[in-house]
Amino acid sequence: LAFRDQTLLFQAVPCIALFGLVGTWDTFKASPALFFVFLVCLATVFARAHARAMLDQAKHAGFIRAEALFQGPWRWMSGPEWALASATVVIAISTLAAPLLQRSVQGVAGAVRITPPPSPTRAINASTSDSQRSGLQIGTGPRPMREAEVMKVKAEGLRYFRSNAYLRYTGHGWENVVDAGRLNERSYQRIGQFLRTYDPRSIISDPVEVPFEIHVISGWHDRLYLPGELWTLAQWENVVIVPNGTARIAPSYGPETEFSGTVLVPADSRQPQTANRQPPSFSDGQRILFTDLSNIAPRVRALAVLSTSGMKSDGEKAIAIKNLITRRVKYNLQADPTPEGIEPVENFLFGSREGYCDLFASAMVQMARSVDIPARYAVGFLVNYPPGLASGFHTVREADYHAWAELFFTGLGWVPFDATEGAIEVPGGERGTVPHERVPWYEAAWVKLVLEGMIGFGALAVLAIVLRGLVVRDPSAERGPGRNETGRLYGRFQKALEQKTGLPRRFNETPREYVVRIGPVIGPAGADAASLTSTFEDALYSHAPSEANALGELATQVKSFTRKLRAG
């Protein structure tokens, strides 16, 4: 029972709803291809169920052989062709009409924005959701980098657009822990345009405002991507700056959204000198997280101390650690995952000696903390400006997603340190590469061509059927008025039966089924009614043309039967 066709069709309803949810957020690129495969499977199941139902109807009507089904009264609706054709029409409309509809409403959708009124209490509560631990793992295996466009940015050469920063190292990744007990509404104050727990002007001496613009192309986001400390923002007000510098925004924004504003950065690019042991806006317990040595392998700490031996300034130590990592390990997007039970950074520095940006950044943060320099793990996008492009918009792609370390220095604030700069890249695992064998099959170019070909062929087939119905005459029409006249004769025959028995023919009944049902009511006339019905079936559904003398004989039989029925 669980595998009957009708049961499978019923289960298709929630499947369609799930595909609709996936398509709403546009997070899974393969959903259109998989939905097409799903529709083909659904149409096949529907065709099987339809054909079996027709066979069952034919069996009850006396058509024993399956071949006869396509010659009897169901021949225009018995096969699966109509089910498959209807599915093809749905797919074609979805493929061809949906992009046109999307483009037609984009102008309106981009102009109309529904933004709830600013609510400081609501915004703070949303921003402190990090009181629940949220984090990410590192060293998890190969990282295929896609070329899909995410946004266009403009920020006068600033390269690191941070979306989030993580504080606590867990031994296998990073997590954010904000003390919800200490961070309440009283912890925030309006500084400049936004609610925040610290004044960015207090951590950057002599700051300058740098304008930036962001045009979102794809994806949905609940954080801003910032090349510095956010200071002004033109299009949005419901923004809260949480203690780690992340700009939380509500509600989430998606494609066609545009932002423009300014960030604060140091006025000059001098080398960092003294580490600031007092990161802003955190309690004493939270400040310890920036130099927390728990879960850092002893060999990693010893390597950091050894590499900075004899150096006086914190800036020199940071640069020495960065250069050591760059020389010691290789960049490889296809590096194997860290073996289970082994600390990823230690394996990265002393075992595999290769990895991707999350391991480089984690090693930089851990080694900086090992020499008492406050550091955090940052993620976002790295903008690699083409040579000669000093200003203007630059396209940011998924392949530009990146992780780096940020160290806190007096007068400069949080300074990015990216140990992947200058690192040797393993052939085949360079930044932005997608090895052919790791591209999902459903995203391959040939799959797209096959699907487009199938959709195009199906659309042409449906169009041909429609045009044929409009242009080419029905073969039955070539027989002249015979079929229509036969239909009128059967109408008179059926009306006489209905008047005699008081039992109208049901909508789903064939002529033969109707006569069988009323046979006991009309008594001896039942045999004549059955014989005459068989004659009507041959005249209506056979391929032989109806001759004029045959129609005349049939009309005579109907008149004779009608008189006998009334007399009886």
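As the structure is a prediction and not an experimental result, all values here were calculated from the model.
- Shown here for Arg223 and Ser163, the closest heavy-atom pair between the two residues is CD-O, 3.1 Å.
- Here Arg159 pairs with Glu421 in a salt bridge; the nearest charged N to carboxylate O distance falls below 4.0 Å.
- In terms of heavy atoms, Pro243 sits closest to Tyr198 at O-CE2, 3.8 Å.
- Taking the centre of each ring, Tyr253 and Trp220 stay at or above the 6.0 Å mark.
- Taking OG of Ser218 as the start and CE of Met151 as the end, the distance is 8.0 Å to the nearest 0.5 Å.
- Note on ring orientation: taking the six-membered ring where Trp is involved, the planes of Phe417 and Phe409 are tilted (angle from 30° to 60°).
- Using a distance-only test at 3.5 Å, with no hydrogens or angles considered, a donor-acceptor pair links the side chain of Asn244 to the main chain of Ala165.
- By the 30° and 60° cut-offs, the orientation of the rings of Tyr225 relative to His221 is perpendicular.
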Checklist entry - Checking ring pair (Phe, Tyr, Trp, His ring centres under 6.0 Å) for the pair Phe381/Phe161: CA distance, chi angles, key distance, verdict? => result CA-CA 5 Å; Phe381 286 101; Phe161 284 71; 8.5 Å; no
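- Taking the side chain as every heavy atom from C-beta outward, Arg376 and Trp414 approach each other to under 4.5 Å.
- Arg328 and Arg353 make their closest contact through NH2-NH2, 3.3 Å (heavy atoms, listed as atom of the first residue, atom of the second, distance).
- The line from OG1 of Thr410 to CD of Gln273 is 10.5 Å long, rounded to the nearest 0.5 Å.
- Side chain of Thr326 to backbone of Ala419: a donor-acceptor contact under 3.5 angstrom is found.
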Next on the checklist: Would Leu412 and Ile204 count as a side chain to side chain contact (heavy atoms under 4.5 Å, CB included) here? Give the steps.
Outcome noted: CA-CA 5 Å; Leu412 299 177; Ile204 302 177; over 6 Å; no
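- Annotation: the span from Phe259 atom CZ to Leu226 atom CG amounts to 10.0 Å, rounded to 0.5 Å.
- When atom types are taken as modelled, the side chain of Ser352 and the backbone of Glu354 share a donor-acceptor pair closer than 3.5 angstrom.
- Taking the side chain as every heavy atom from C-beta outward, Tyr356 and Ile138 never approach each other to under 4.5 Å.
- The side-chain contact (heavy atoms from CB on, under 4.5 Å) test applied to Lys152 returns His215, Ile217, Phe393, Thr395, not counting sequence neighbours.
- Contact of the Trp174 side chain with the Ser362 side chain is registered, since non-hydrogen atoms from C-beta on lie closer than 4.5 Å.
- Separating the CG atom in Asp206 from the CZ atom in Arg201 is a distance of 13.0 Å, to the nearest 0.5 Å.
- For the residue pair Asn295 / His172, no side-chain donor-acceptor distance below 3.5 Å is found, with atom types taken as modelled.
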Item to check | side chain to side chain contact (heavy atoms under 4.5 Å, CB included) between Phe194 and Leu233, intermediate numbers included | outcome: CA-CA 9 Å; Phe194 309 107; Leu233 191 65; 3.5 Å; yes
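- Rounded to the nearest 0.5 Å, atoms CZ (Phe290) and CG (Leu167) are 4.5 Å apart.
- The shortest distance between side-chain heavy atoms of Glu425 and Asn332 does not fall below 4.5 Å.
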Item to check | side chain to side chain contact (heavy atoms under 4.5 Å, CB included) evaluation trace for Gln189 with Leu195 | outcome: CA-CA 5 Å; Gln189 55 182 315; Leu195 291 171; 5.9 Å; no
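- With hydrogens and angles ignored, the 3.5 Å screen pairs a side-chain donor or acceptor of Thr170 with a backbone N or O of Gly173.
- At least one side-chain heavy atom of Arg327 sits less than 4.5 Å from a side-chain heavy atom of Asn323.
- Neither side chain, Tyr377 nor Asp358, offers a donor N or O lying under 3.5 Å from an acceptor on the other.
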Checklist entry - Could you go step by step and tell me if Tyr166 and Val365 meet the side chain to side chain contact (heavy atoms under 4.5 Å, CB included) rule? => result CA-CA 10 Å; Tyr166 295 86; Val365 174; over 6 Å; no
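- At a threshold of 4.5 Å between non-hydrogen side-chain atoms, the residues Glu258 and Glu213 do not count as touching.
- Side-chain N/O atoms of Trp231 and Glu229 include no donor and acceptor closer than 3.5 Å.
- We find the CG-CG distance between Asp314 and Leu407 to be 9.0 Å, quoted to the nearest 0.5 Å.
- Contact detail for Ala247 and Leu230: the closest heavy-atom pair is CB-CD2, 4.2 Å.
- Dense packing is recorded around CG of Leu293, with more than 12 heavy atoms of other residues, nucleotides or ligands lying under 6.0 Å away.
- Counting heavy atoms from C-beta on, the side chains of Pro374 and Asn276 never come closer than 4.5 Å.
- Between Phe360 and Tyr331, the two ring planes are tilted [angle within 30° to 60°].
- Shown here for Ala304 and Met367, the closest heavy-atom pair between the two residues is CB-O, 3.4 Å.
- For Asp372 and Thr291, the side-chain atoms include no donor-acceptor pair closer than 3.5 Å.
- In this structure a side-chain-to-backbone donor-acceptor pair under 3.5 Å is present from Ser202 to Asp199.
- With contacts defined as side-chain heavy-atom distances shorter than 4.5 Å, the pair Gln193/Thr232 qualifies.
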